[in-house]
Amino acid sequence: MVHFGAATGFLGGGLEEAYDRYIFDAITQDAFISFDPNFRDDLWIGEEECFIKKSLKFIGKSHLCKFSNEEIQLITGEQDIEKACNIVHELGCPIICVTLGSEGTLVSTVNKKTTVKSIPVTPIDTTGAGDAFIGCLLYQIANIGDPHLILKDYDQLIDMVTIANRAGAITTTGYGAIPSLPDHEAVFDN
């Protein structure tokens, strides 16, 4: 399993070169590939089209993509989230998770779309919530043995997203991305 987060990974230099090598290696070794564009306005002022082009290469090779609603709208040019998901599926990505803040997460496959509710919290700082979500989801997928099996088990995917939503929500109840990450017990035992 390989996860690519592109917040700074597409800014050129050695990191971007490494990403290009790793995506090639992941494909040739039949790894489960996950991608989160992690778009940051301040890093791409006036260069949004370049970011989109670089993201599309990874989206088309990924088994799972995690977007915020703003990211999927930017990358696809489509404001309707479900239609935007259809565009991403046409690019080749079979599982899409669009985080919607307090509304939960839209889980989309080629044949099904479901919005999985989040748990109610009083957010203090949303920094790191998306990272907590995708980290928790990938942790669960890795624990099924062959991560490719999740491509065929929509019900299990929905269960996993429900738990990942909890991780993301809990993260918003503290300050800072790392200090507010919940531990295993807080996410899985409640």
Side-chain angles (χ1 to χ4, degrees), residues 1-9 19 22-23 26 31-40 55 58-59 61-72 75 81 84-85 88-89 93-109 112-190:
M1 177 181 281
V2 179
H3 175 70
F4 296 93
T8 57
Y19 268 37
Y22 291 149
I23 192 79
F32 185 91
I33 301 169
S34 171
F35 176 68
D36 179 351
N38 254 329
F39 179 75
R40 300 292 181 260
S55 294
F58 281 77
I59 289 168
K61 294 174 173 54
S62 295
H63 299 94
L64 168 67
C65 285
K66 180 263 174 214
F67 300 96
S68 68
N69 55 342
E70 297 88 2
E71 289 167 340
I72 199 166
I75 290 170
I81 302 298
C85 286
V88 172
H89 289 308
C93 182
I95 298 174
I96 302 163
C97 293
V98 182
T99 54
L100 306 169
S102 63
E103 296 176 34
T105 301
L106 174 65
V107 179
S108 179
T109 64
K112 295 182 182 180
K113 289 178 178 46
T114 304
T115 298
V116 179
K117 299 291 182 195
S118 189
I119 62 168
V121 295
T122 302
I124 295 172
D125 179 9
T126 60
T127 305
D131 295 326
F133 169 86
I134 193 63
C136 183
L137 181 58
L138 292 174
Y139 168 80
Q140 294 174 85
I141 293 171
N143 281 325
I144 61 174
D146 178 359
H148 294 89
L149 295 174
I150 200 61
L151 298 169
K152 298 176 183 165
D153 194 338
Y154 189 78
D155 292 335
Q156 184 178 22
L157 175 63
I158 295 300
D159 290 343
M160 290 177 173
V161 168
T162 300
I163 293 168
N165 276 351
R166 189 177 310 131
I170 293 169
T171 300
T172 70
T173 63
Y175 288 105
I178 302 301
S180 62
L181 284 173
D183 62 18
H184 191 278
E185 181 180 330
V187 175
F188 289 92
D189 295 341
N190 289 321

Only pairs under 3.5 Å count here: list side-chain donor-acceptor contacts from residues 132-149, not counting sequence neighbours, and write none if there are none.
| unit_1 | atom_1 | unit_2 | atom_2 | d |
| --- | --- | --- | --- | --- |
| Y139 | OH | H184 | NE2 | 3.4 |
| Q140 | NE2 | C136 | O | 3.2 |
| Q140 | NE2 | M160 | O | 3.0 |
| N143 | ND2 | Y139 | O | 3.1 |
| D146 | OD1 | H148 | N | 3.0 |
| D146 | OD1 | H148 | ND1 | 3.1 |
| H148 | NE2 | D30 | O | 3.3 |

*Taking all heavy atoms of C85 and all of K113, pick out the closest pair and write down the distance.*
CB-CE, 4.0 Å
*asked:* Atom OH of residue position Y22 - does it have more than 12 heavy atoms of other residues, nucleotides or ligands inside 6.0 Å?
replied: no
*Evaluate the side chain to side chain contact (heavy atoms under 4.5 Å, CB included) criterion for residues F35 and C93: first the C-alpha distance (whole Å), next the side-chain angles of each, then the deciding distance (0.1 Å), finally the verdict.*
CA-CA 10 Å; F35 176 68; C93 182; over 6 Å; no
*Taking all non-hydrogen atoms of both residues, which atom of A186 and which atom of I170 are closest, and how far apart?*
O-CD1, 3.6 Å
*asked:* Under 3.5 Å, is there a donor on one side chain and an acceptor on the other for H63 and S34?
replied: no
*How long is the span from the CG atom in D36 to the CZ atom in F58, to the nearest 0.5 Å?*
12.5 Å
Would you be so kind as to tabulate the donor-acceptor pairs closer than 3.5 Å made by side chains of residues 98-106, with sequence neighbours excluded?
| unit_1 | atom_1 | unit_2 | atom_2 | d |
| --- | --- | --- | --- | --- |
| T99 | OG1 | F67 | O | 3.3 |
| T105 | OG1 | N165 | OD1 | 2.5 |

*Measure the spacing between SG of C65 and CD1 of I75 and express it to the nearest 0.5 Å.*
8.0 Å
_Keeping R166 on the side-chain end and V187 on the backbone end, is there a donor-acceptor pair under 3.5 Å?_
yes
*Would you say the side chain of C97 lies within less than 4.5 Å of the side chain of V161, judging by non-hydrogen atoms?*
yes
*What distance do L181 atom CG and T171 atom OG1 have between them, rounded to the nearest 0.5 Å?*
5.0 Å
*Going from OG on S62 to CD1 on I23, what distance comes out if it is rounded to the nearest 0.5 angstrom?*
5.5 Å
*Could I get the full list of side-chain contact (heavy atoms from CB on, under 4.5 Å) partners for A31, not counting sequence neighbours?*
V2, A26
*Give the minimum heavy-atom separation between N38 and A6, together with the two atoms involved.*
CB-N, 4.2 Å
*How many angstroms lie between CD1 in I163 and CD1 in I158, if you round to the nearest 0.5 Å?*
12.0 Å
*asked:* Donor-acceptor pair, distance only, cut-off 3.5 Å: does the side chain of Y19 make one with the backbone of G5?
replied: yes
*Please say which of I150, T114, L64 ends up in a side chain to side chain contact (heavy atoms under 4.5 Å, CB included) with L157.*
I150
*If you look at every heavy atom in H89 and S108, which pair is closest and at what distance?*
NE2-OG, 2.8 Å
*E71 versus F39, closest heavy-atom pair with distance*: OE2-N, 2.8 Å
